[in-house]
Amino acid sequence: MVKDKYEKVMDLAKRRGYLWSSFEIYGGIAGFVDYAPLGTMLKNNVIDTWRRHYIVNEEFYEIDSPTITPHEVLKASGHVDNFTDPMVECKGCLESFRADHIIEESIDMDTEGKSLKELEALIEKHNISCPKCGGQLGEVKRYNLMFLTSIGPGGKRRGYMRPETAQGIFIQFRRLASFFRNKLPFGVAQIGKAYRNEISPRQGVIRLREFTQAEGEFFVHPKIKTHEKFKDVENEVLPLLPASRQMDESLNPDEKTINMKIKDALREGIISHESIGYFLVITKRFLMDIGIDINKLRFRQHLPDEMAHYAIDCWDAEIYTDRFGWIECVGIADRTDYDLKAHMNHSGVDLRIFVEYDGPKEVETYNIELNYKVVGRIFKGDLKYIENKLKNMDIEEIEEMVNEINKNGRYTLKIERNGEIKEFEILKDHLKISKTIKKISGEKVLPHVIEPSYGIDRITYCLLEHAYSEEEDRVYLNLNSKMAPIKVGVFPLVNKENMPEIALEIKNRLRSNGIIAQYDDSGAIGRRYMRMDEIGTPFCITVDGQTLKDETVTVRHRNSREQIRIKIDKVVEYIKNRI
RNA sequence: GCGCCAGUGGUGUAGCCUGGUAUCACUCUGGCCUUCCAAGCCAGUAACUCGGGUUCAAAUCCCGACUGGCGCACCA
């Protein structure tokens with residue numbers, strides 16, 4: 001049987017200590033993997049490089065929030081309701097289907113927002129049967145992709161394992177905004193585990209139930225989505241696969257991706273603004289930096305119907321793999337103000353930022369004075385929400401209210417809170433509204449957010465696969481020196497005449513200079529080189545007979561297998577300059 | 001979740017049909033040897049995925065679970 005590349009890579013990863021399946025002695029569970037010692041080092045190197053790009057170069061600041069998230073947060077973000085699929089099972093052939101999908105297929109109707117009961121009623125009413133065997137369909141049930149847990153004793157407080165790290169950033173937005181002294185734009189990052197209880201995870205490390213995300217949230221003024229460093233990157237050429245070309249059936253699949261300068265993509269309206277474009281470029285640079293093969297990278301724009309409910313423009317960095325084809329490794333989305341708005345509405349906390357105008361403006365506006373003696377008794381605890389709502393109404397809304405009150409003597413104020421809309425009757429004697437001229441120096445805005453989100457596990461796998469190289473007589477990982485877990489192997493050519501002692505001394509000297517080096521004296525020298533090749537170690541140093549005479553050693557380079565001879569004193573410097 | 005197929009040392013395997021102390025090679029560990037690319041010699045570690053059933057006896061037959069592969073479905 002011929003093994004494909006995935007199998008070869010996973011074999012090597014398992015054998016040499018990159019990836020192991022989790023809980024193996026108890027039989028294992030699909031969708032979970034352990035990073036073994038070398039895999040952990042490799043993954044950490046990927047993350048370190050990510051930090052260098054985002055935290056150091058892009059000046060994002062990183063936070064670290066809990067993975068367990070209370071119900072309210074994910075209710076607000078829409079995950080409780082939307083991160084779940086309605087499933088229906090055929091009573092005959094036991095096949096499962098997406099309930100909304102089969103309804104939409106058979107009666108051509110938009111089922112968006114319908115409840116389970118409504119879906120069930122539709123199936124019954126239109127006599128929809130199993131698309132496979134024609135059998136009767138059962139109850140419509142929800143399958144939620146979040147792991148449910150409880151907080152505290154008694155299990156009363158519901159919580160979930162977070163499905164993405166992003167929410168932790170959004171819910172701290174007020175603190176973050178003040179940390180950045182209320183100046184847009186600013187970037188916040190989070191690296192950590194996220195959890196999705198996939199129905200049927202396959203494909204090893206490609207689809208996990210617990211995985212590591214590195215997400216950046218770049219908050220911008222909703223009307224200013226330019227990027228101050230766009231000029232620096234505008235001539236960068238990217239392999240783009242825009243939605244329009246994906247849908248263009250006159251193009252061959254392999255002609256659809258087009259290399260173009262990011263500034264041209266912007267000019268032609270392919271990308272919606274500079275900030276999206278900027279992070280596309282940063283993503284390409286990061287992926288190239290860690291050693292992803294640029295010829296196996298493309299940026300694919302989401303088609304209008306596949307875009308998540310919160311996004312207005314979304315691009316995936318896709319990396320080509322031998323077995324799975326193009327897989328999504330990075331998502332770059334304009335999430336607009338979807339999340340901040342949701343958390344603002346549900347929590348009642350104002351998440352807007354005050355943005356000053358260039359100079360003060362005089363505007364005609366309305367002054368609303370509440371008659372507290374009256375409204376206090378009527379609305380009691382709800383008053384603060386009413387006050388808040390009135391304060392934030394725009395001119396049109398106020399005028400509409402004034403008109404209503406003048407006409408009917410009353411106005412129905414609608415306030416959304418915790419996902420429910422409450423109505424309050426506002427009468428004429430509740431408030432006094434007068435026109436005034438106000439000098440205003442700025443306005444409150446709810447920022448939009450541009451989100452580059454990286455799947456670290458997939459990227460790490462792709463890196464291994466792209467590095468995997470075969471020659472006639474050996475297998476080696478062509479990892480670049482920055483990524484390789486072990487930087488140097490140190491060997492005595494033979495175990496005599498003081499060679500082991502000298503080699504050990506060199507290994508220790510490298511280690512004390514912060515360089516990960518491994519000593520090995522077992523078997524023949526060739527075997528030791530092969531071992532190091534297989535785990536991707538870029539350099540091997542060998543102490544031989546000549547070392548005893550002139551204090552030089554050989555340095556062998558992994559890819560070329562060529563050797564040069566240098567002084568022992570220069571070894572640390574030589575390696576340091578190359579990793 | 002559904003269907004089909006498969007699970008034997010670290011890896012690759014023989015044995016399974018026809019039940020009776022599990023084969024071989026490589027790897028790995030220790031030693032000898034070895035002066036530059038998986039050499040050789042000696043010794044050693046190391047496996048029947050798990051749970052039930054049938055049987056005097058199960059790697060082998062039967063059932064179930066788990067894991068993996070493929071197909072379907074799913075992947076906000």
Could you tell me the Watson-Crick or G-U partner of [N], where both distances fall under 3.5 Å? Say none if there is no partner.
N	answer
B:C4	B:G69
B:G20	B:C56
B:G51	B:C63
B:G40	B:C32

Checklist line | Pair A:Asp473 + A:Arg561, salt bridge at N-O below 4.0 Å | finding: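 Salt bridge present between A:Asp473 and A:Arg561.
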Check: Should A:Asp520 and A:Arg527 count as an ion pair when the cut-off is N to O under 4.0 Å?
Finding: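 So A:Asp520 does not pair with A:Arg527 through a salt bridge.
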Check: Is it the case that A:Arg16 places NZ or CZ above or below the six-membered ring of A:Tyr18, under 6.0 angstrom from the centre and within 45 degrees of the axis?
Finding: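 Geometry flag: not set, cation outside 6.0 Å or 45°.
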Expressed in whole Å, how much space separates the [atom1] atoms belonging to [N] and [M]?
N	M	atom1	answer
B:C26	B:U49	P	24 Å
B:C33	B:G40	C1'	8 Å
B:C28	B:U11	P	14 Å
B:U21	B:C63	C1'	28 Å
B:A47	B:G15	C1'	13 Å

Next item on the list: Check whether any side-chain N or O of A:Arg527 sits under 4.0 Å from OP1 or OP2 of B:U27, and answer yes or no.
Entry: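 Answer is yes, contact under 4.0 Å.
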Check: Taking only N and O in the side chain of A:Lys496, is any of them less than 4.0 Å away from OP1 or OP2 of B:U34?
Finding: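 Yes, because at least one side-chain N or O of A:Lys496 sits under 4.0 Å from OP1 or OP2 of B:U34.
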Using a distance-only test with no angle check, is there a side-chain donor-acceptor pair under 3.5 angstrom linking [X] and [Y]?
X	Y	result
A:Tyr320	A:Glu318	no
A:Asp550	A:Thr552	yes
A:Glu465	A:Thr321	no

Notebook entry, point to check: In whole Å, what is the span from the CD atom of A:Gln546 to the C1' atom of B:C36?
Noted result: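 It works out to 12 Å between those atoms.
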Checklist line | Interatomic distance, A:Glu198 CD vs B:G1 P [rounded to whole Å] | finding: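 So the CD-P distance, A:Glu198 to B:G1, works out to 14 Å.
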Notebook entry, point to check: Mind checking what makes salt bridge (charged side-chain N to carboxylate O under 4.0 Å, His left out) contact with A:Asp569, not counting sequence neighbours?
Noted result: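 A:Arg509.
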Would you mind telling me which of [options] lies closest to the side-chain atoms of [X]?
X	options	answer
A:Thr542	B:A39, B:C36, B:U11	B:C36
A:Arg565	B:U29, B:C36, B:A38	B:C36
A:Arg15	B:C36, B:U11, B:C28	B:U11

Check: What about A:Arg556, does its side chain sit under 3.5 Å from the base of B:C37 through a donor-acceptor pair?
Finding: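 Answer yes: a donor N or O sits under 3.5 Å from an acceptor.
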Check: Hey, is the side chain of A:Arg561 pairing donor to acceptor with the base of B:C36 inside 3.5 Å?
Finding: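 Looking at the base of B:C36, it does not pair with any donor or acceptor on the side chain of A:Arg561 (distance under 3.5 Å).
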Notebook entry, point to check: Between A:Ile25 and A:Asp520, who's closer to the 5' end of RNA chain B by nearest nucleotide?
Noted result: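 This one resolves to A:Asp520.
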Listed pairs, N/O of protein and of nucleotides 63-69 of chain B, under 3.5 Å:
unit_1: B:C66; atom_1: O2'; unit_2: A:Gly27; atom_2: O; d: 3.2
unit_1: B:C66; atom_1: O2'; unit_2: A:Gly28; atom_2: O; d: 3.4
unit_1: B:U67; atom_1: OP1; unit_2: A:Ala30; atom_2: N; d: 3.1
unit_1: B:U67; atom_1: O4'; unit_2: A:Gly27; atom_2: O; d: 3.4

Check: Quick check: does any side chain N or O of A:Arg528 sit under 3.5 Å from a backbone N or O of A:Ser522, one acting as donor and the other as acceptor?
Finding: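 Indeed, once roles are kept as given, a pair shorter than 3.5 Å links the two residues.
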